[in-house]
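Remarks on the structure that follows.
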2 protein chains.
Amino acid sequence: MTIDWLTITPAKPDGRSRDAAVARQATLTKPPGALGRLETLAIDLAALQGTESPAVDRVQVTLFAGDHGVVAEGVSAFPQAVTAEMVKNFARGGAAICVAARELGAVLEVIDLGTATDTGPLHGVQRYGLGPGTANFTREPAMSEHQLARALAAGRHAAERARLQATQLFVGGEMGIGNTTAATALACALLDESPARLAGPGTGLDTHGVAHKAEVIERALDLHRPHLGTPVEMLRRLGGFEIAALTGSYIACAHVGLPVLVDGFISSVAALAAARLCPGARDWFLFAHASAEPGHRLVLDALEARPLLDLGMRLGEGSGAAVCVPLLRMACALHNDMATFTQAGVSEGRD
Amino acid sequence: MTIDWLTITPAKPDGRSRDAAVARQATLTKPPGALGRLETLAIDLAALQGTESPAVDRVQVTLFAGDHGVVAEGVSAFPQAVTAEMVKNFARGGAAICVAARELGAVLEVIDLGTATDTGPLHGVQRYGLGPGTANFTREPAMSEHQLARALAAGRHAAERARLQATQLFVGGEMGIGNTTAATALACALLDESPARLAGPGTGLDTHGVAHKAEVIERALDLHRPHLGTPVEMLRRLGGFEIAALTGSYIACAHVGLPVLVDGFISSVAALAAARLCPGARDWFLFAHASAEPGHRLVLDALEARPLLDLGMRLGEGSGAAVCVPLLRMACALHNDMATFTQAGVSEGRD
């Protein structure tokens, strides 16, 4: 199974649509710039969607779940069984992202890549069966090459389904007990940063727990350091099924020309991996919110990303991105539907 | 015409509904606190609406317009005719707040309190006819006692209409060329701050324009200082029709037990005036966004307010509050519709 597709160069966002959107903003009945980031957001979406009149009516949220062998090192505030329990909760529509997706009228896909507890078949859940979670990366690589390729392909398939359904915005979500540990380890490798600087509480570790998590990641980095020469190996050795799937989905979205709204810490680490694997992919990413997870800031800085919201959220599942979607819709509505100075007979400002 | 109603003490938000909402949040299938401010927002709305299950489906946006005599001092980047032109734009549905209200399915009311240019009757616009704008407050009080009382009553009527229609959230908006100058003057009086510290570009003044605006406000404060002993006199002498109407609407919302989502700089100055006039009114206010207008931060600090959004908006019209409404709806949906740990059979975290 090949991963050669990762490095295909994506198209650039459309400069002519951007220029047209910039010109339109200047004609709308408001002082120039008065809608702040809603203006730049509409302009960015215009460029990404290749139209002067962007829209985010059709949104797909794809939620990737997987377990993590590193949980054996005691790095999570929740037991590993919760990953499978939450997959069932997703299937029944009770989780935060299910509620948010309903509120948005978004398509919600649930992809179980491989959990430690077998959920059995569930209505509305696609199962990839990559294994009972990743291996414990303090002892060996998290994934085999084949597992990594399949996880990346799972993400690619999600982006391709989105494109077939004329989706206007892609949101990736993740669930996996222990995945802030994997994401932090991967971020440390990608950014050449120390775990002590990046590790955070995840779902709710105390200070002692965070220090232990950093120490576990340090051990993993020591083990793999001789082999971390490429972002592919960083992802394979330190990532997770759902993190790799997110990475693959983001790159494939860039390939098919579909804007991505990136969620919080784990999604941003996947976006960073995507940007390193596929130069040019970054152009297709918008960033939803600043997570309460302390490492997020450094990851966002590396991506030159300025998220729209800062609400102290730290749930994952794509929930922060989902909460942000109405802002994108509002930006599009204002851009498309406001009257121009000429239409309204309103005087423009003095120079 | 009396303004005695302003000082009636509002009821307190409902502590039992708050406690029930806090208890419910702890049972939902997410790490405690992981939804950040969406959790506290749902809890605050529960207390304000007196229910464990808050909702903001029915929203009323009331937009107050009025002109300002101080515009004669050259304090605005736009000509005064724009106020009336924008009232027509509101009537035709072309302004930002019209688009946003449609996007929300909100009721939009347009109240013309008194503009320099007569628009004539317009479909969907209520006219109070308080005069062709306020007086130039560098020479005399902006309003007579009667004008102030009528402007406050216009706000009260809006809140009472909202209550009759079982509105779940009130948003006030404002339009009036020169009204950042009036709001800044009023804020200086309420906060005992200097115009140099609070004055900002409004709709788009340059550095020279901002300095001139501060100097104009300084002159007004010098003129009125001997008479600024009460918030009523501050509002009458330095405010504007639409600012007083906003103040009245906010106080009346507190009286009828209706939560208010406060917009940007001018609305926050009205909220500060409301809080000073009517102790206890502040409990009923939520704050939507941090305006790009530099004085906003000091006004928010005085209100101990932490707005939800920071998007660099500075349009007024209630637009920042309207953009924020979907976040409140999302907070309510998550609070009301997520599964509990027991319902979903999900394990809770370790202690």
Side-chain angles (χ1 to χ4, degrees), chain A residues 28-38 41 76-79 81-82 85-86 88-89 92-96 98-100 102-103 202-204 292 308-317 319 322-323 325-327 329-331 333-334 336-340 343-350, chain B residues 28-38 76-79 81-82 85-86 88-89 92-96 98-100 102-104 202-204 292 308-317 319 322-323 325-327 329-331 333-334 336-340 343-350:
Chain A
L28 302 177
T29 46
K30 57 178 175 55
L35 287 172
R37 295 196 65 193
L38 297 184
L41 199 48
S76 175
F78 280 79
V82 167
E85 290 166 358
M86 283 301 292
K88 292 182 191 168
N89 197 22
R92 280 192 299 251
C98 308
V99 174
R102 283 200 296 273
E103 187 78 3
T203 53
L308 286 153
L309 295 175
D310 186 357
L311 298 172
M313 295 177 72
R314 52 179 173 80
L315 179 57
E317 300 180 7
S319 58
V323 167
V325 167
L327 265 62
R329 288 181 173 168
M330 196 63 92
L334 292 162
N336 298 330
D337 300 342
M338 278 180 69
T340 64
Q343 284 169 341
V346 171
S347 311
E348 299 195 47
R350 307 178 309 207
Chain B
L28 301 178
T29 46
K30 57 178 174 54
L35 287 172
R37 295 195 65 192
L38 297 183
S76 176
F78 280 79
V82 168
E85 290 167 356
M86 284 300 292
K88 292 182 192 169
N89 197 21
R92 280 193 298 251
C98 308
V99 174
R102 283 200 295 275
E103 186 78 6
L104 298 174
T203 54
L308 286 153
L309 294 175
D310 185 357
L311 298 173
M313 296 177 71
R314 52 179 174 81
L315 179 58
E317 301 180 7
S319 58
V323 168
V325 167
L327 265 60
R329 288 181 171 167
M330 196 62 92
L334 291 163
N336 297 330
D337 299 343
M338 278 181 69
T340 63
Q343 284 169 341
V346 171
S347 310
E348 298 196 46
R350 307 177 309 203

> Taking only residues two or more places apart in sequence, or in another chain, which ones meet B:Ala34 in a side-chain contact (heavy atoms from CB on, under 4.5 Å)?
Replying inline: A:Arg314, A:Leu315, B:Pro31
> Taking only residues two or more places apart in sequence, or in another chain, which ones meet A:Glu103 in a side-chain contact (heavy atoms from CB on, under 4.5 Å)?
Replying inline: B:Arg329, B:Met330, B:Ala333
Contact winner vs chain B - [options], heavy-atom pairs under 4.5 Å:
{"options": "A:Met86, A:Glu317, A:Lys88, A:Arg102", "value": "A:Met86"}
{"options": "A:Asn336, A:Thr340, A:Val82", "value": "A:Val82"}
{"options": "A:Val346, A:Leu28, A:Thr203", "value": "A:Val346"}

Which one wins on heavy-atom pair count under 4.5 Å against chain A: [options]?
{"options": "B:Asp310, B:Asp337, B:Leu104", "result": "B:Asp337"}
{"options": "B:Cys98, B:Gly204, B:Ala96, B:Gly345", "result": "B:Ala96"}
{"options": "B:Gly93, B:Ala322, B:Pro32, B:Ser347", "result": "B:Ser347"}
{"options": "B:Gly202, B:Gly33, B:Gly316, B:Ala331", "result": "B:Gly33"}

Is [X] close to chain A through its backbone or its side chain, or both, or neither, when contacts mean heavy atoms under 4.5 Å?
{"X": "B:Leu309", "answer": "side chain"}
{"X": "B:Ala292", "answer": "neither"}
{"X": "B:Val323", "answer": "both"}

> Do A:Leu311 and B:Leu327 have side-chain heavy atoms sitting under 4.5 Å apart?
Replying inline: yes
> Between atom OG of A:Ser319 and atom CG of B:Leu38, what is the distance when rounded to the nearest 0.5 Å?
Replying inline: 8.5 Å
> In Å and rounded to the nearest 0.5 Å, what is the NZ to CG distance from A:Lys30 to B:Asn89?
Replying inline: 12.5 Å
